[in-house]
Number of protein chains: 2
Amino acid sequence: MTERKKLTLKDIAKELGISISTASRALKEHPDIADDTIKMVKDFAEKHHYVPNILAVNFRKNRTYNIGLIVPELVHHFFSTVISGAIDGAKKLGYNVLVSQSNDLLADETTACRTMLASSVDGLLISISNETLEADHLKEFLEEGKPVVQFDKITDHLNTPKVIVDDFEGAYQAVKHLIDQGYKKIAHIRGRREVKNANERALGYQKALEDHQMEQSSDWIKDCVHINEQEGYDFCEELLKSQNPPDAIFCITDLVALGVLKYLKEKQIAVPQEVGVVGFSNWKLAEIVNPGLSSVDQHGYEMGERSIVKLIQLIKDHNIENEEVIEIKTKLIIRGSSLKS
Amino acid sequence: MTERKKLTLKDIAKELGISISTASRALKEHPDIADDTIKMVKDFAEKHHYVPNILAVNFRKNRTYNIGLIVPELVHHFFSTVISGAIDGAKKLGYNVLVSQSNDLLADETTACRTMLASSVDGLLISISNETLEADHLKEFLEEGKPVVQFDKITDHLNTPKVIVDDFEGAYQAVKHLIDQGYKKIAHIRGRREVKNANERALGYQKALEDHQMEQSSDWIKDCVHINEQEGYDFCEELLKSQNPPDAIFCITDLVALGVLKYLKEKQIAVPQEVGVVGFSNWKLAEIVNPGLSSVDQHGYEMGERSIVKLIQLIKDHNIENEEVIEIKTKLIIRGSSLKS
DNA sequence: CTGTTAGCGCCTTCAA
DNA sequence: TTGAAGGCGCTAACAG
């Protein structure tokens, strides 16, 4: 395979008997340059497949058109949907996306940030790990004048734009739906107290109960740590074996709801007749299970797209002071797990 | 936020009263440089947080430490698993990964390739789209001396290393398992004839039947086009309503198997007693459905990791002539959908 | 052991 | 309307 040497401006200038700067300007149709010259240079460039050396351009301009994107997990329906939206949005605006994952570990997140910074991305899009409480590793970006946009899992310790799902409202609607369906004792298997999304959802749950004068009980609120199927299963068992068992369960996420459904199926407790279940995120699995799992869709693709558009705007404006909060509306998808009628 | 100006080698040299090249060499502990000088420079650099301008280095060295990765779909359990492995592998070797998706369209794939080439990745990792029959857009990489590694969905029109799953053997084992379980009439819902993986799996299916003197029928082979749930459902119906219905179905992928399971459940046909089902890919859904879906695991994470390691090795060796084929072993995961006993 | 010099490819004043 | 020259930050060949 012959590796053809790349044509440079210098080559063009020499061939055409003009100076390098004229060639450079002609290619970008600088108004000072004569039309004839422009045509000549462009024709020549086209004919010989001239491609500017992007490395030189980037070096000169001190930017890369690359954006860093860090998520807790890559193999994850919601996050991969966000990534998909971010990549498509970036492509439209002429940017590339460098993807990395933190595995929900602060150490990995910090490493990823350093790598991104070292490879000189123009900006960062991040959904922080569960362990991230402080944000010093993120401040480094701002100190270098590189904008950061947070999405979904965010921290208030960093003043950047934030693109979030309206967790409160999503939870509120989910619980209201259960109330409308006639469930009387609604439990909530919630996420960690340090995680903002989890708190918002819990608040939405509580507000819905209050607004509709529903019975409340601290026994009906269970705190997840790992937020997995097993916890859903175990908490469901605890709830149903308690003195005052609930007749509906609102879960922090679909995976937890799956554990709940599994327990109910094993014990032959009818869903949705005896117990109603609603999840959060609307993963692929929600439509696959039987009965279908009602869930709150977070519009991940849109979130990714909006986030990247915002970030690129900040990059172009050299703006690292923006703190706008963009809220993506949720949508309750009702399926068999909570639909009595 | 004060944007502190970056320290350069020039600054260090001036401060320390030495030349730029001495500073440069000292930082990389060049043997010619006196230990004292090295120490002095390193101390100074550390104290003042010197970070080399990566853009300048890349420009000078004509490489980016960025690798392009193109998959048909991002929101896809198998591909996101591969990406995860590739990213982790790249990280260990000091490379970043630029991700893009083709949506299984040749046009999008070509665009993605151009963008990657323009942003000057050091090499490309790709799983081609269903539409990709020729490979001219990929040859451009090789022509520029940038190695390419193909994985999973590959084309033989491009001479590069290929990392593939042993589709033939995976299919063979799946079908052999059905035979071992006592199924007598095994059907296959297969993928497109233009797609190599699909053909390999079909051959594995056929060979297993031959080796065990099983009944064969062209009526038992159904060709998918979209490879989705609906096709699985429809073909299952066709198969079971035929003159000579099969008692087991080996599906090209889990999604198709899901459609099959749905049909069987609706018609109250017992799985695995009356009909056995095996899928391919071992997606998350395979363990979630009830009964669990037996499936052939493709070890996506390992595939991503092996692919990227191979690619980086070629980049380092400036080697674009390699055509090694790396085969990842599959593993049959047996679940309720095919386990009679 | 260290400094000088030249240059990577491009852009951008400044001068003609 | 064009050209010459300088420089972005770093590396490396060549001299001392």
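Just so you know, these numbers use all the heavy atoms, side chains as well, and skip hydrogens, waters and symmetry mates. Note on naming: letters A, B, ... go to the chains in the order of the sequence lines (proteins, then strands), and numbering restarts at 1 for each one.
An OP1 or OP2 oxygen of C:dG7 is reached within less than 4.0 angstrom by no side-chain nitrogen or oxygen of A:K10. OP1 or OP2 of D:dT11 sits under 4.0 Å from a side-chain N or O of B:K28.
Per the geometry, CD1 belonging to B:I18 stands 12 Å off P belonging to C:dT4, to the nearest Å. Straight-line distance from the CG atom of B:L9 to the P atom of D:dA12: 12 Å, rounded to whole Å. Atom NZ of A:K61 is separated from atom P of C:dC10 by 12 Å (rounded to the nearest Å). Atom pair B:R25:CZ and D:dA13:P shows a separation of 10 Å (rounding to whole Å applied). For the pair A:E29 CD and D:dT1 P, the computed distance is 14 Å after rounding to whole Å. With rounding to whole Å, A:F59 atom CZ is found 4 Å from D:dC8 atom C1'. Put simply, NZ on A:K14 is 16 Å from P on D:dG3, counting in whole angstrom units. Separating the CG atom of A:N62 from the C1' atom of C:dG9 is a distance of 16 Å, rounded to the nearest angstrom.
Considering only the side chain of B:T37, C:dT2 comes nearest among D:dT2, C:dT2, D:dG9. Which of C:dC10, D:dA12, D:dC10 sits closest to the side chain of A:Y50 comes down to C:dC10. For A:A56, whose side chain is taken as the heavy atoms from C-beta onward, the closest listed nucleotide among C:dC10, C:dC1, D:dT11 is C:dC10. Nearest to the side-chain atoms of A:S19 among the listed nucleotides D:dG3, C:dC11, D:dC8 stands D:dG3. Here the nucleotide nearest the side chain of A:V57, chosen from C:dC10, D:dT11, C:dT2, is C:dC10.
A donor and an acceptor atom never sit less than 3.5 Å apart when one is taken from the side chain of A:R60 and the other from the base of D:dG9. Within 3.5 Å, a donor on the side chain of B:S21 pairs with an acceptor on the base of C:dT4, or the reverse.
Ion pair B:K146/B:E140 not flagged as a salt bridge, since none of the NZ, NE, NH1 or NH2 atoms sits closer than 4.0 Å to an Asp/Glu carboxylate oxygen. A salt bridge between B:K39 and B:D43 is present, with a side-chain N of the basic residue lying under 4.0 Å from a carboxylate O of the acidic one. Ion pairing between A:D35 and A:K42 fails under the 4.0 Å rule for side-chain N and carboxylate O. A salt bridge is absent between B:E323 and B:K162; no separation between the charged side-chain nitrogens and carboxylate oxygens falls under 4.0 Å. By the 4.0 Å N-to-carboxylate-O rule, A:K153 lies close enough to A:D104 to be salt-bridged with it.
In this structure, A:N53 reaches the sugar-phosphate backbone alone: every heavy-atom distance under 4.0 Å involves primed, P, OP1 or OP2 atoms, never a base.
Between B:V51 and B:D32, the one whose closest nucleotide on DNA chain D sits nearer the 5' end is B:V51.
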